[in-house]
Amino acid sequence: MDGIHDLGGRQGFGTVRYGRDAAVFHEEWERKANALYGLAVRHGVFNMDEYRHAIERMSPRHYMSASYYERTLTSLATLLVEKGLVTREELEKLAGGTFPLSGPITPGRSNAADRQPFKAGDKVRVRNDFFGGHIRLPAYIRGKQGIVVRETPAYPFPDAHAHGIHAADEPTYDVAFKTEDLWPNASDSATVHVGVFQSYLLTA
Amino acid sequence: MSQNHQMSADQASVLKRIEAIESVMSAQGMEPAAAVEKARHTADEMWVPANGAKMVAKAWTDPAYRSRLLADGKAAAAELGFDMPPHHRFLVALENTPNLHNVIVCTLCSCTAFSIIGLPPDWYKDLEYRARAVRESRTVLKEMGLDLPATTEIKVWDTTTDTRYMVIPHQPPETIGWPEDKLASIVTKESMIGVERLMGS
C-alpha cells in the first residue's frame, strides 16, 4: 500500500535526532509492547508480515504522532481483535477508554505467476506495480532500473504472507540502484541496495 | 466507532492499553509476565552490540574468519555462539574501507540484525532517518557528525527483506596489533550501522 510508513526519499524532514549510546527503551511499557508482540508471534497468533502490515494500516495521523512502541502495541491489539482473541469492546473496557486500532485489512495476492529467475549482473526493472495490501517494495524504486548484485535467500512472499493466504517462498535479490536514477538531480550521489522479491522484478 | 484515530479525551493511555493487552494474553494462557522478564534478559544481556563487536574484532585479526564472515555472516555469527532469529535467514557483512562507506537503514519500518548489533535506537526508527538516509546519505551522515571525503563512495543498504546487514567498520590504523578483546571494546553499535567511523579511520 502507498502508506505513510513508506518514507524512503520523502522530503521535508529535518535533522535526525541523533545521540550516541541511545537507550533502546525509555519506559517499562515499551519493553512490554516489544516482548508481547514477540510472544504472540511465538504462539503463532500472527507472523512478522502480519505484524508489519497492521502497523502500516494505522491511520496516517496516528502513525505520525505515535511513538515507535505505540505503533507496536497498536499492531498487536489490532491483530488480537482480528484473530478473535478479544473484541474491541472488551479491550476498551479493560483499558478504561477508547483504544485506537489500525484500519481494516484488504485482500492479499499470490506470488507473480510470470516471475522469472535472475542472476548477478542482470539489468532489471521494478514493476510499476500498485498494490493496496502489504508489499515490501519501497515506492522510490517502483518502475526504476537497477542491476542484480546477487541472489539472496528465499522468503515467504510478503504480499500473501501478511494476508493469511498461501505464501510460497521465493528468491530475493540484492539490487543496486543509482540515486541519480531514483531522483535525478535531486539527491546525494550514492548506490542504494534494496532487497527485492522476484515477483516485483522484470528484465530491463 | 471510527477506525480512524481521534485524539479524544477518553482515549486510554498507552500504559492502560498495554495492561489491557497483557490481561488478554494472560487469559489466553500465554504468560505475558514471564515473557516480559525473559525479553528483559534477552534485550539487555544477549542481543547486545558486543556480539557484533567481537565478530568485527575477529575479522580484523583473523583473515580466514574475515572471509567466512563476508561469505556467510549468519554462519560466522553462529561460530562465536551468536544466534539470529529463524526468520533472519541471512546476514550480510559490509566492509568499510577508506574509499567505501556502507550505511544501513530500513525505510519501511525498523529492521536490523538486532541479535548481533543490538536493538535499534530511536533515531534509526525515526521518520527523519528513514526518509532521508537513502536520498541524502552524505548530507545526513555529515549532520550526524560523519563528514566523509568527497572521494569516498557511499552504499546505502535498505533492509526490505529479512536478510539483515552489519557494517564491518574500517580498523583504525593505530590499533593494528591490539589484542582482539581490546579491539572489540572500540567497536560501537553506531559504527556497525554505518553512521560513524572509528577513531583515526
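Bear in mind the structure is a predicted one, so any value in this text is a computation, not a measurement.
Residues Pro138(A) and Asp158(B) have side chains in contact (heavy-atom distance under 4.5 Å, counting atoms from C-beta outward). Counting heavy atoms from C-beta on, the side chains of Glu196(B) and Arg20(A) come closer than 4.5 Å. Looking at heavy atoms from C-beta onward, Leu119(B) lies in side-chain contact with Phe25(A) at the 4.5 angstrom threshold. Counting heavy atoms from C-beta outward, Phe90(B) and Thr172(A) have side chains that stay 4.5 Å or more apart. Within the 4.5 Å cutoff, the side chain of His87(B) has no heavy atoms near those of the Pro156(A) side chain. With a 4.5 Å cut-off on side-chain heavy atoms, Leu91(A) and Val24(B) count as touching. Within the 4.5 Å cutoff, no side-chain heavy atoms of Glu27(A) are placed close to those of Ile18(B). By the 4.5 Å heavy-atom criterion applied to side chains, Met30(B) and Leu85(A) are counted as neighbours.
Distance check: Ile21(B) CD1 to Leu94(A) CG gives 10.5 Å after rounding to the nearest 0.5 Å. Distance CD/Gln28(B) to NZ/Lys83(A): 13.5 Å, rounded to 0.5 Å. For the atom pair Thr191(A) OG1 and Ile154(B) CD1, the distance stands at 9.5 Å (nearest 0.5 Å). Atoms CZ and OG1, from Arg132(B) and Thr15(A) in turn, are 6.0 Å apart once rounded to the nearest 0.5 Å. Between atom OH of residue Tyr165(B) and atom CG of residue Asp174(A) there is a gap of 5.5 Å, rounded to the nearest 0.5 Å. Taken from OG1 in Thr161(B) to OH in Tyr155(A), the straight-line distance is 5.0 Å, to the nearest 0.5 Å.
Residue-environment remark: NE2 (His26(A)) exceeds the threshold of 12 foreign heavy atoms within 6.0 Å. Around atom CD of Glu180(B), more than 12 heavy atoms belonging to other residues, nucleotides or ligands sit under 6.0 Å away.
When every heavy atom of Ala35(A) is checked against every heavy atom of Ala39(B), the shortest pair comes out as CB-CB, 3.4 Å. For the residue pair Asp162(B) and Arg52(A), the shortest heavy atom distance occurs at OD1-NH2, 2.8 Å. Pairing each heavy atom of Arg136(A) with each of Thr160(B), the nearest pair is NE-O, 3.0 Å. The two atoms that bring Trp123(B) and Arg17(A) nearest to each other are CB-O, 3.2 Å, heavy atoms only. Summarising the geometry of Tyr63(A) relative to Leu108(B), their closest heavy-atom pair is OH-O, 4.5 Å, with the distance given to 0.1 Å.
The candidate from Ala131(B), Ala12(B), Ala20(B) with the greatest count of non-hydrogen atom pairs under 4.5 Å with chain A is Ala131(B). Options Lys16(B), Glu19(B), Met25(B), Glu143(B) differ in how many heavy-atom pairs under 4.5 Å they form with chain A, and the most are formed by Met25(B). The most heavy-atom pairs under 4.5 Å with chain A, out of Pro85(B), Ser110(B), Pro121(B), Pro120(B), come from Ser110(B). Counting heavy-atom pairs closer than 4.5 Å to chain A, the top residue among Arg89(B), Lys155(B), Glu128(B), Arg138(B) is Arg89(B). Ranked by heavy-atom pairs shorter than 4.5 Å toward chain A, the options Met144(B), Glu136(B), Glu37(B) are led by Met144(B). Most heavy-atom pairs under 4.5 Å with chain A: of the set Thr163(B), Leu15(B), Thr188(B), Val195(B), this distinction falls to Thr163(B).
With Glu190(B) contributing its side chain and Asp21(A) its backbone, the two residues share a donor-acceptor pair below 3.5 Å.
Residue Phe177(A) does not touch chain B at all, counting heavy-atom pairs closer than 4.5 Å. Interface remark: Ala43(B) contributes side-chain atoms only to the contact with chain A (heavy atom separation under 4.5 Å). When heavy atoms are compared at a cutoff of 4.5 Å, Glu90(A) does not approach chain B at all. Of the two parts of Arg42(A), only the side chain, counted from C-beta on, holds a non-hydrogen atom closer than 4.5 Å to a non-hydrogen atom of chain B. Neither the backbone nor the side chain of Glu56(A) comes within contact range of chain B; no heavy atom of the residue lies under 4.5 Å from a heavy atom of that chain. Of the atoms belonging to Ala40(A), heavy atoms from both backbone and side chain fall under 4.5 Å from chain B. Within the 4.5 angstrom heavy-atom criterion, no atom of Leu182(A) approaches chain B. With a 4.5 angstrom heavy-atom cutoff, Asp49(A) does not touch chain B via any of its atoms. Heavy atoms closer than 4.5 Å to chain B are found in both the backbone and the side chain of Ala186(A).
The existence of a salt bridge linking Asp188(A) and Lys142(B) is excluded, since no basic side-chain nitrogen approaches an acidic carboxylate oxygen closer than 4.0 Å. The existence of a salt bridge linking Arg31(A) and Asp44(B) is confirmed by a sub-4.0 Å separation between a basic side-chain nitrogen and an acidic carboxylate oxygen.
No option in Leu7(A), Val194(A), Val192(A) other than Val192(A) meets the side chain to side chain contact (heavy atoms under 4.5 Å, CB included) test with Val134(B).
Applying the side chain to side chain donor-acceptor pair (under 3.5 Å) definition to pairs two or more places apart or across chains, those involving residues 73-86 of chain B are Arg68(B)-Glu79(B).
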Next on the checklist: The test is side-chain contact (heavy atoms from CB on, under 4.5 Å); show your working for Glu28(A) and Arg40(B) and say whether it passes.
Outcome noted: CA-CA 10 Å; Glu28(A) 181 64 15; Arg40(B) 187 187 315 282; 2.7 Å; yes
Checklist entry - Taking it one step at a time, do His5(A) and Arg130(B) satisfy side-chain contact (heavy atoms from CB on, under 4.5 Å)? => result CA-CA 9 Å; His5(A) 68 283; Arg130(B) 288 165 49 199; 4.3 Å; yes
Checklist entry - Could you go step by step and tell me if Lys125(B) and Tyr69(A) meet the side-chain contact (heavy atoms from CB on, under 4.5 Å) rule? => result CA-CA 10 Å; Lys125(B) 302 177 286 193; Tyr69(A) 289 109; 3.5 Å; yes
Next on the checklist: Evaluate Leu127(B) against Arg10(A) for side-chain contact (heavy atoms from CB on, under 4.5 Å), listing each step before the verdict.
Outcome noted: CA-CA 9 Å; Leu127(B) 313 172; Arg10(A) 301 280 184 118; over 6 Å; no
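Contacts between residues 124-133 of chain A and chain B, counted as heavy-atom pairs separated by less than 4.5 Å, involve no residue at all.
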